[in-house]
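The sequence lines fix the lettering, A, B, ..., with proteins before strands; numbering per chain opens at 1. These figures come from a predicted structure and were not determined experimentally.
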There are 2 protein chains.
Amino acid sequence: MRDAEQTREKILDVSADEIHKHGFTATSLSVILKRCEISKGALYHHFANKMELGYAVFEERYTPLFLSTWLPAVNNEDPIEGLCAFFSEMSVNMSCDELICGCPLNNLCQEMAGVDEGFRLRILDMQLQLNQLISDSLRKIKNQLRNDIDYSQVSYFIVSTFHGSTSLSKSSRNKELFEHVMDELCKYLRNLKHN
Amino acid sequence: MRDAEQTREKILDVSADEIHKHGFTATSLSVILKRCEISKGALYHHFANKMELGYAVFEERYTPLFLSTWLPAVNNEDPIEGLCAFFSEMSVNMSCDELICGCPLNNLCQEMAGVDEGFRLRILDMQLQLNQLISDSLRKIKNQLRNDIDYSQVSYFIVSTFHGSTSLSKSSRNKELFEHVMDELCKYLRNLKHN
DNA sequence: ATACTAACAGACCAACCGGTCGGTTGTAAA
DNA sequence: TTTACAACCGACCGGTTGGTCTGTTAGTAT
């Protein structure tokens, strides 16, 4: 027995990458096996089936990644500027390939939410969590913001725009349109403050 | 020879519906054949392969549908109110199932833009067309709008938000979150006018 | 009536999919 | 040293996929 835990981790790493790049359904187990240099028996020793592997990838890879990506922005003492910096940073630092690949959570949502209830509920939970994070952070600077704001609604709006911009990136294959949308999103965010 | 054109149209209708509901890759030719009550020979008489069938569906079904959906909103004498009415109407009139199914163009973009160049270019063209439509319509009421507006950027922002909201619908399986995002989008739109 | 061809029918195919299962191997406990 | 079992191997399976190919039929032009 080599290191079982290490095998499992490697499967999760490779699977997370493959699913991110090609989607869950299009991800082939045989490709995962080749990249991991393991056999089918090994994979099915660690995971009951492909679906369970997908759930594990979601919970043990995508969820932590997602939270660690958004948390710094939201925890900024000025969440508006935190979010703006986050969006701007993405425009600058993200490679074109990464951008086109899109957000793993959003991709999975588009592909699997309507097909599999297990994925749907996990994704929904993540979206609700993110909404809570953003709306709570905005409420903290309530006194700086306009008084006609529906915090939950604004948070959903922000995330929708962010995720929607990936469509533009995927079809245009460049950062330009994404940058424009992020720029406009920052304008919108700053406009939440009363002038 | 029964009516060949009618056969072709039926194939396109059924395929458009199947692709909309299950995505291009997950759409099975055998299902299309069953629903159309035709043989494989018939289908391959009219289309060279699955990809060409997909392109035909895009061009002859999705594109006209897409344009006829957005045009009335944009052609309103006040495009801002036209778009707001369009978004509100969608919240009210669309069934939950339709909503969850999402926009055919956006679905196809998420699934195929990164995989097939033929789809990507067709989708991109459609997105550029829509952007032109919206930004032109806004420019027409330039004198009513704030003077710091980047029209193309604003148009991309609007469409991104709209498409992004489908993620919320798909995971939550209800209209509520979609309605919130559309409501906030209308707020944003009306805020483009100088107070 | 005959010939020609568009329009279809459906058996067949290789490739691939996720999943199963009997067998092997390495390691740690007894 | 023996035992026990987790960890892993890989041949195999049924099912499905998109696609091909041979053959039939229906309509139309001559």
Side-chain angles (χ1 to χ4, degrees), chain A residues 1-58 60 107-108 111-112 114-119, chain B residues 1-58 60 107-108 111-112 114-120 122:
Chain A
M1 310 162 194
R2 297 276 172 71
D3 190 336
E5 192 54 32
Q6 187 179 307
T7 303
R8 201 187 118 93
E9 294 296 311
K10 178 142 197 185
I11 294 173
L12 287 176
D13 284 339
V14 169
S15 301
D17 184 55
E18 286 290 325
I19 293 172
H20 186 197
K21 281 180 181 155
H22 309 115
F24 178 76
T25 308
T27 288
S28 161
L29 295 185
S30 64
V31 170
I32 295 174
L33 301 182
K34 267 178 205 159
R35 282 188 57 185
C36 290
E37 294 178 303
I38 60 169
S39 69
K40 200 158 244 185
L43 193 152
Y44 274 87
H45 174 74
H46 288 283
F47 303 95
N49 49 44
K50 194 190 181 187
M51 212 48 107
E52 292 297 327
L53 170 60
Y55 296 161
V57 166
F58 188 92
E60 300 176 43
N107 291 354
L108 223 38
E111 183 193 357
M112 298 303 293
V115 176
D116 179 77
E117 197 68 0
F119 268 122
Chain B
M1 309 162 195
R2 297 278 171 71
D3 191 336
E5 192 55 31
Q6 187 178 306
T7 303
R8 202 187 117 95
E9 294 297 310
K10 178 143 198 186
I11 294 173
L12 286 175
D13 284 338
V14 169
S15 300
D17 184 56
E18 286 290 324
I19 293 171
H20 185 198
K21 280 180 182 155
H22 309 115
F24 179 76
T25 309
T27 288
S28 161
L29 295 185
S30 63
V31 170
I32 294 174
L33 301 182
K34 269 177 205 159
R35 281 188 58 185
C36 291
E37 294 178 304
I38 60 168
S39 69
K40 199 158 246 185
L43 194 152
Y44 274 87
H45 173 75
H46 288 282
F47 303 95
N49 49 44
K50 194 188 180 188
M51 211 47 107
E52 291 297 328
L53 170 60
Y55 296 161
V57 166
F58 187 92
E60 299 177 43
N107 290 355
L108 223 39
E111 183 192 357
M112 298 303 292
V115 175
D116 179 77
E117 197 69 357
F119 268 123
R120 200 201 116 221
R122 283 168 175 83

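Checking the phosphate oxygens (OP1, OP2) of D:dC8, a side-chain nitrogen or oxygen of A:His46 falls inside 4.0 Å. Applying the 4.0 Å criterion to OP1 and OP2 of C:dA7, one finds that B:His45 has a side-chain N or O inside that range. Within the 4.0 Å cut-off from OP1 or OP2 of D:dC8, not a single side-chain nitrogen or oxygen of A:Ser39 is found. Look at A:Ser30 and you won't find any side-chain N or O under 4.0 angstrom from OP1 or OP2 of C:dG18. The shortest distance between the side-chain N/O atoms of B:Thr7 and the OP1/OP2 oxygens of C:dA7 is not below 4.0 Å.
With rounding to whole Å, B:Arg8 atom CZ is found 16 Å from C:dA6 atom P. Per the geometry, CD belonging to A:Glu37 stands 10 Å off P belonging to D:dC9, to the nearest Å. For the pair A:Leu33 CG and C:dG19 C1', the computed distance is 12 Å after rounding to whole Å. In this structure, B:Asp3 places its CG atom 16 Å from P of D:dA26, rounding to the nearest Å. Following rounding to the nearest Å, A:Gln6 (CD) and D:dA6 (P) show an atom-to-atom distance of 20 Å. The nearest whole Å value for the distance from the CG atom in B:Leu29 to the P atom in C:dC13 is 20 Å. Taking atom CD1 on B:Ile32 and atom C1' on C:dA9, their separation rounds to 18 Å, with Å as the unit. Spacing between atom CE of B:Met51 and atom P of D:dG19 amounts to 8 Å, rounded to whole angstrom units.
Heavy atoms of A:Lys50 sit under 4.0 angstrom from primed sugar atoms or phosphate atoms, though from no base atom. Contact annotation for B:Ile38: backbone-only contact, meaning every heavy-atom pair under 4.0 Å involves sugar-phosphate atoms and none involves a base.
Side-chain atoms of A:Tyr44 lie closest to C:dT20 of the nucleotides C:dC8, C:dT20, D:dC8. Nearest to the side chain of A:Ser28, among D:dG18, C:dC8, C:dG18, sits C:dG18. The side chain of B:Arg2 lies closest to C:dC8, out of D:dG18, D:dG10, C:dC8.
Two residues are said to be in side-chain contact when any heavy atoms from C-beta on lie closer than 4.5 Å; A:Val57 and A:Phe47 fail this criterion.
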Go through the steps to decide whether B:Leu108 and B:Arg122 satisfy the test side-chain contact (heavy atoms from CB on, under 4.5 Å), and finish with yes or no. CA-CA 10 Å; B:Leu108 223 39; B:Arg122 283 168 175 83; over 6 Å; no
Let's go through A:Val115 and A:Thr25 carefully: what are the C-alpha distance in whole Å and the side-chain angles of both, what is the deciding distance for side-chain contact (heavy atoms from CB on, under 4.5 Å) to 0.1 Å, and is it a yes or a no? CA-CA 11 Å; A:Val115 176; A:Thr25 308; over 6 Å; no
Take B:Glu117 and B:Arg120 through the side-chain contact (heavy atoms from CB on, under 4.5 Å) test and state the conclusion after the steps. CA-CA 5 Å; B:Glu117 197 69 357; B:Arg120 200 201 116 221; 2.4 Å; yes
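Under a 3.5 Å cut-off, the side chain of A:Lys21 and the backbone N or O of A:Thr27 do not form any donor-acceptor pair.
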